[in-house]
Each structure stands twice: as structure tokens, then as C-alpha cells.
Amino acid sequence: MRLLSQTLCLCLALALSRATPSDHTEMMADDQAPKHDHKEHHGAVHERCEGIEFDAIAASEKGVPFFFKGDHLWKGFHGPAELSNGSFKELDEHHHLGHVDAAFRMHYEDDLKHHDHIFFFLDDHVFSFYNHTLEEGYPKKIEEVFPGIPAHLDAAVECPKGECSADSVIFFKGDDVFHYEVASKKVEEREWAHLPNCTSAFRWLEHYYCFHGHKFTKFHPVTGAVTGKYPKDARDFFMRCSKYGEDSDHVEREQCSRVHLDAITSEDDGTIYAFRGHHYLRREGSNDAWKGFTIESSFKELHSEVDAVFSHKDHLYMIKDEQVFLYKVGEPHTLVDGYPKSVKEVLGVDGHVDAAFVCQHKDIVHVIQGQKLFDIDLDKEPHILVQTDLPFKKVDAGMCGLGGVKILQGSHFYSYESPRIMAASKMMPEARKISLDLLGCDH
Ligand SMILES: *[C@@H]1O[C@H](CO)[C@@H](O)[C@H](O)[C@H]1NC(C)=O
Ligand SMILES: *[C@@H]1O[C@H](CO)[C@@H](O)[C@H](O)[C@H]1NC(C)=O
Ligand SMILES: *[C@@H]1O[C@H](CO)[C@@H](O)[C@H](O)[C@H]1NC(C)=O
Ligand SMILES: [Ca+2]
Ligand SMILES: [Ca+2]
């Protein structure tokens, strides 16, 4: 927790973990559906991979993205929906419509009164939550808290100083856009006719996204300029789905997705493989382009969704659940006879493996399980040589290549010169973005 407060970036990265699993299985009803029609609409908006329009999107104070639809919300980029009133109880008590119009998180340290508060908008009222509790005196009229901002908003997103000229909130209603400066309460209207009407808006990794339907358009928060090919399908970049939009570009999607990777590995010659869900990316040299494939097509015994992968002596050790699949690298990759074997037999550890890597031309396998790092010799019994504690809560993937060790967590990665330096380090290194700085996404 000490580390969490260091920087916003770090905070985002650490918190961008799994959505809290929910055993809630009741299907949610489309909020437009008349009550008697309830049954027919079961599941209508429950599955975000079907392509739905969110009511609002906002990061929580811990930096976890919350996606709102009707009386449900999704926490993080994957996982099932849960009832919003489980997290924001009072929202339910004050209205019966079961949805919000817009939401954002204020993250302005200069404004202690509102810092890290999550604001929800419904009709002409605004709700301010701190620590998942409605602040005293709320709900208030929007005009009382944000004078000059109209009722019945469509979307809202924070824009801190540095990205906007002062700590601001951008509000959207129909095709009207309002820039609201928090300290001065100054309101400026913008003409962004080229931007679709946003039904929700979201700031992530210092980029700004206008969501409309199940698509989104990235825009510049000051000028509203849209550069690049938009709109794109939200399922490709902000959700973990097994099927995607029809015109999905698999390579670009896997490069630019904000969803965590399952595994990554670097071979001795510098070839990198990055795995997510049913797909993987491969790049042969640092100047080459990334290519995308399905896991099924290259590693058919594995199908999809690996836990960890490491490269060693022209083989890929691919770990899924309790098993290790050993593939000889080549065209095609072939499963070595006698595999899969159990993780216990090959590595000498029990339970789920979060990440594993071998550094270039070395023989020690480094395995991460929770906050533990094991140094493992595949050829000796017992396999485990050393066990150390890591400064990470939950690691998604790790690799060791030309640039040393990279630990991947959520949308970010952290670099160390070597596993030994990582195990000894007390400070978190700079958080860098997986999509932009590792996988070559250009937006
Ligand atoms: C949340 O809403 C559901 C459905 O409307 C209701 O059954 C449940 O009791 C509510 N939970 C809380 C904590 O208010
Ligand atoms: C947040 O609320 C919980 C109870 O809902 C309480 O135990 C905790 O102390 C609160 N934290 C802060 C920082 O106010
Ligand atoms: C956008 O909002 C305006 C109202 O401000 C409305 O007239 C227009 O039809 C909307 N456009 C679309 C494509 O929904
Ligand atoms: Ca909305
Ligand atoms: Ca993993």
C-alpha cells in the first residue's frame, strides 16, 4: 500500500488487476424494457462482448475502470457484471431508474474537497462518492456544483492540468461540449462537430475516448481533434472477448488493447511472443512488424488462454492450469512427446503460475507465483534453488531479453537489469505502457 500512493501511473497499474469475481448469475434486464417483458430481455445487456452502449465509464479512486450500464457495472476490462448498488449503495436509494447519465473521477490534488471523488450525474442531479459512500449534502443540483453545466448530460470526463490548460471536466450533451475549469468555475463551449455525440467518455493512460454505441473515437481533450482511423470497436481494445467486431484488425487490436496480457516470452535471438486470450503476437527482430495468430492455429493442444510461457533452448514451455506443454520452435511448432506434463514434475512448484522467464543464454528458470519469485533448475532435484519476495502484488506476465527483465501488470510494464536486481530492489521503476512502448501501438 505504501507504493500505491507514489504516483498516479503506478496506482493505475497496480490497481488494474482482475475484476472482482462475482458469483452473481442473475441476468440483468435492459432498462428500456417494460417490466412485464423482463424475461425476454434477460441477458440483453449483460454480456459486454455482444457489443453494448455503456451509460457511463469512470475510473475508481484506485484506478480500476468501471463501466456502467443500467443498474449494473463491470469492474476492469474483463469479468462479469455486478449490481451497481453493491458498490454505490446510496445511488439506489435516491432514484429508481436504475442507471446514471454520466460519471467521472475527480483526481485533482489541488482540490482537496473533491480529490478522488467519483461524480455521477442523473437528470438534474449530481452525486459525489468518496470511499464508496455518498458525501453529505448530496445529491445536489448540477447547477449548484457545476454552474453553467446543463441537466440530462450524456457524458463527462476529467481532464487534469497539463492535458487541459487547468484542472477541468469535459461534459457532453448531444452535440454540445463544455469545458469546465474546476478552480475558476469557468465554462467554455466547444464546437466539435466532427466528433460523434458521446454517450460516455473515458480517460485512460492519458488518452481521451468518446464512446458512442459500442464504438469509440479517440479525441484531443483541448482541440477535439481526431487523428487516425476512428471509430473503432470498443470490444477490440477495452474488453476481453473471444469474438470481436467483424472488421477487427487482429494485429492492431492485440497491439493496442488495454486488457492485460496472459504471458510473454523472448527467445535468445530476440523473437518475442505475447499471448492474450485466444491470440498471440510474434515479432522476429526489433525492426520487424508484429504478426498476429490464433493460439489454436500454432499450438493446437493448448487452444487458448495460457498462464505463462518461457523460452529455453529452442523450445517454448507453455503453462496452462496444472500442465506444461513443451513445443519445439519451428514451422510448425510441434508438441514434444510425453507432454503435457504436470507443473509439479517439470518445475517443482504447486499451483497457478503467474509468469515465468529465462534470461538470454542462461539456464535458470524464474517463476512468479503471487508475490514469490522462484529460481528453478529444470535438470536438478529438487528444482527450486532460491525463493525471494517481489515488490508486486499480482503479476500478469514477465520476460527477460536483451533489455533485461520486464514485469507486466495491467496496462503497464516495469524494467530491471536482471532478476537479481529486481529481487533486491526497494523502489518501483518507472511504469511504461505495454501497448505503446512494448507492442508498438501507435495510438
Ligand atoms: C441492489 O438492487 C437489487 C435489485 O434491484 C436488490 O435486490 C438488492 O437488494 C439491492 N442491494 C442493496 C445492497 O441495496
Ligand atoms: C472507507 O470505508 C470503510 C467502510 O465502508 C472504512 O472502514 C474505511 O476506514 C474508509 N476509509 C477511508 C479512507 O475513509
Ligand atoms: C447529436 O445531438 C444533437 C442534439 O444536440 C441531435 O440533434 C443529433 O441528431 C445527434 N446526432 C446523432 C447522430 O445522434
Ligand atoms: Ca451516458
Ligand atoms: Ca500470466
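Here, residue 1 is the first one in the sequence, and each next residue gets the next number.
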No-hydrogen, no-angle side-chain donor-acceptor test under 3.5 Å, Arg276 and His260: no
Are the side chains of Val343 and Val349 in touch, meaning some heavy atoms are under 4.5 Å apart? yes
Does one side chain, of Thr294 or His278, offer a donor that lies under 3.5 Å from an acceptor on the other? no
Does Ser200 form a side-chain contact (heavy atoms from CB on, under 4.5 Å) with Lys69? I'd like the steps, not just the answer. CA-CA 10 Å; Ser200 57; Lys69 176 70 179 180; over 6 Å; no
Is a donor from one side chain sitting under 3.5 angstrom from an acceptor on the other, for His72 and Ser84? no
When Phe275, Trp290, Phe293 are each screened for side chain to side chain contact (heavy atoms under 4.5 Å, CB included) with Leu281, the one that passes is Trp290
Hey, what do you get for CG (Asp321) to CD (Glu305), rounding to the nearest 0.5 Å? 9.5 Å
Are Asp354 and Lys394 close enough for a salt bridge, meaning some N to O gap below 4.0 Å? yes
Does the gap between the ring centers of Phe127 and Tyr138 come in under 6.0 Å? no
Intermediate values then yes/no, side chain to side chain donor-acceptor pair (under 3.5 Å), Glu430 and Tyr414: CA-CA 6 Å; Glu430 179 199 4; Tyr414 304 87; over 6 Å; no
Quick one: pull up CG in Leu316 and OG in Ser311 and give me the separation to the nearest 0.5 Å. 4.5 Å
Using the side-chain contact (heavy atoms from CB on, under 4.5 Å) rule, take Leu439 and Leu261 through it: C-alpha gap first, then chi angles, then the decisive distance, then the call. CA-CA 11 Å; Leu439 299 180; Leu261 286 170; 4.3 Å; yes
Centroid separation Phe310 to Tyr317 less than 6.0 Å: yes
Given the side-chain rings of Phe119 and Phe129, with only the six-membered ring counted for Trp, is the space between their centroids under 6.0 Å? no
Taking side chain to side chain contact (heavy atoms under 4.5 Å, CB included) as the criterion, tell me which of Leu91, Leu83, Val100 meets it with Asp71. Leu83
Could you give the distance from CG (Leu438) to CZ (Arg283), rounded to the nearest 0.5 Å? 7.5 Å
Parallel under 30°, tilted from 30 to 60°, perpendicular over 60°: which one fits the rings of Phe67 and Phe211? perpendicular
Might you point out which heavy atoms bring Gly76 and Val64 nearest each other, and give the distance in Å? N-CG1, 3.6 Å
With a 4.5 Å limit on heavy-atom distance, are the side chains of Val329 and Tyr273 in contact? yes
For the residue pair Lys372 and Thr388, establish whether any side-chain heavy-atom pair is separated by less than 4.5 Å. no
Nearest heavy atoms of Arg105 and Ala58, plus distance in Å: N-CB, 4.2 Å
Run Arg282 and Glu331 through salt bridge (charged side-chain N to carboxylate O under 4.0 Å, His left out) and show every step you take. CA-CA 13 Å; Arg282 189 178 74 208; Glu331 291 296 341; 3.7 Å; yes
Would you say the side-chain atoms of Tyr280 and Ser298 include a donor-acceptor pair closer than 3.5 Å? yes
May I have the step-by-step check of side chain to side chain donor-acceptor pair (under 3.5 Å) for His212 and Thr217, ending in yes or no? CA-CA 8 Å; His212 40 99; Thr217 296; 2.8 Å; yes
Using the ring centroid of each side chain, check whether Phe77 and Trp204 are separated by less than 6.0 Å. yes
Begin from the C-alpha positions of Arg203 and Glu163 and carry the test salt bridge (charged side-chain N to carboxylate O under 4.0 Å, His left out) through to its verdict. CA-CA 11 Å; Arg203 172 177 174 265; Glu163 293 167 28; 2.9 Å; yes
Between Pro221 and Cys164, is any pair of side-chain heavy atoms under 4.5 Å apart? yes
Centroid-to-centroid, Phe54 to Phe202, below 6.0 Å? no
Between Glu252 and Lys229, is the closest basic N to carboxylate O distance under 4.0 Å? no
Using a 4.5 Å cut-off on heavy atoms from C-beta on, say whether the side chain of Val353 contacts that of Ile368. no
Using distance alone, with no hydrogens and no angle criterion, decide if Lys75 and Ser87 have a side-chain donor and acceptor under 3.5 Å apart. yes
Can you find a heavy atom in the side chain of Glu61 that is under 4.5 Å from one in the side chain of Ile118? yes
Salt bridge check: are Lys161 and Asp110 linked by an N-O gap of less than 4.0 Å? yes
Do His107 and Asp116 meet the criterion of a side-chain donor-acceptor pair at a distance under 3.5 Å? yes
Are Val386 and Phe374 packed together at the side-chain level, in the sense that at least one heavy-atom pair is separated by less than 4.5 angstrom? no
Reported OG-to-NZ distance for the pair Ser418 and Lys362, which is rounded to 0.5 angstrom: 9.0 Å
Atom CD1 in Ile170, atom NE2 in His179: separation rounded to 0.5 Å? 4.0 Å
Can you confirm whether or not the ring centre of Phe121 sits under 6.0 Å from the ring centre of Phe171? yes
Chi angles and distances behind the salt bridge (charged side-chain N to carboxylate O under 4.0 Å, His left out) call for Asp350, Lys344: CA-CA 6 Å; Asp350 285 308; Lys344 181 78 183 168; 3.3 Å; yes
Check: Phe178 ring centroid to Phe172 ring centroid under 6.0 Å: no
So do Met422 and Glu417 actually touch side chain to side chain, heavy atoms under 4.5 Å? no
Just checking Tyr108 against His115, ring centres under 6.0 Å apart? no
Step through it carefully: locate the ring centre of Tyr327, locate the ring centre of His315, and say whether they are under 6.0 Å apart. no
Ionic contact status for Arg235 with Glu50, cut-off 4.0 Å: no
Donor-acceptor pair between Asp269 and Thr271 side chains, under 3.5 angstrom: yes
How far apart are the closest heavy atoms of Lys380 and His383, and which atoms are they? O-ND1, 2.8 Å
Checking ring pair (Phe, Tyr, Trp, His ring centres under 6.0 Å) for the pair Tyr180/Phe146: CA distance, chi angles, key distance, verdict? CA-CA 8 Å; Tyr180 177 91; Phe146 299 98; 5.2 Å; yes
So Arg240 and Asp262, salt bridge (charged side-chain N to carboxylate O under 4.0 Å, His left out) or not? Walk me through it. CA-CA 11 Å; Arg240 184 180 171 116; Asp262 294 329; 2.9 Å; yes
Write down the atom of Asp55, the atom of His99, and the distance for their closest heavy-atom approach. OD2-CB, 3.5 Å
Is the ring centre of Trp192 less than 6.0 Å from the ring centre of Phe219? yes
Hey, do the aromatic rings of Phe299 and His333 have their centres closer than 6.0 Å? yes
What's the separation between atom CD in Gln387 and atom CG in Leu385, rounded to the nearest 0.5 Å? 12.0 Å
Which atoms form the tightest heavy-atom contact between Ala155 and Ala201, and what is the distance? CB-N, 3.7 Å
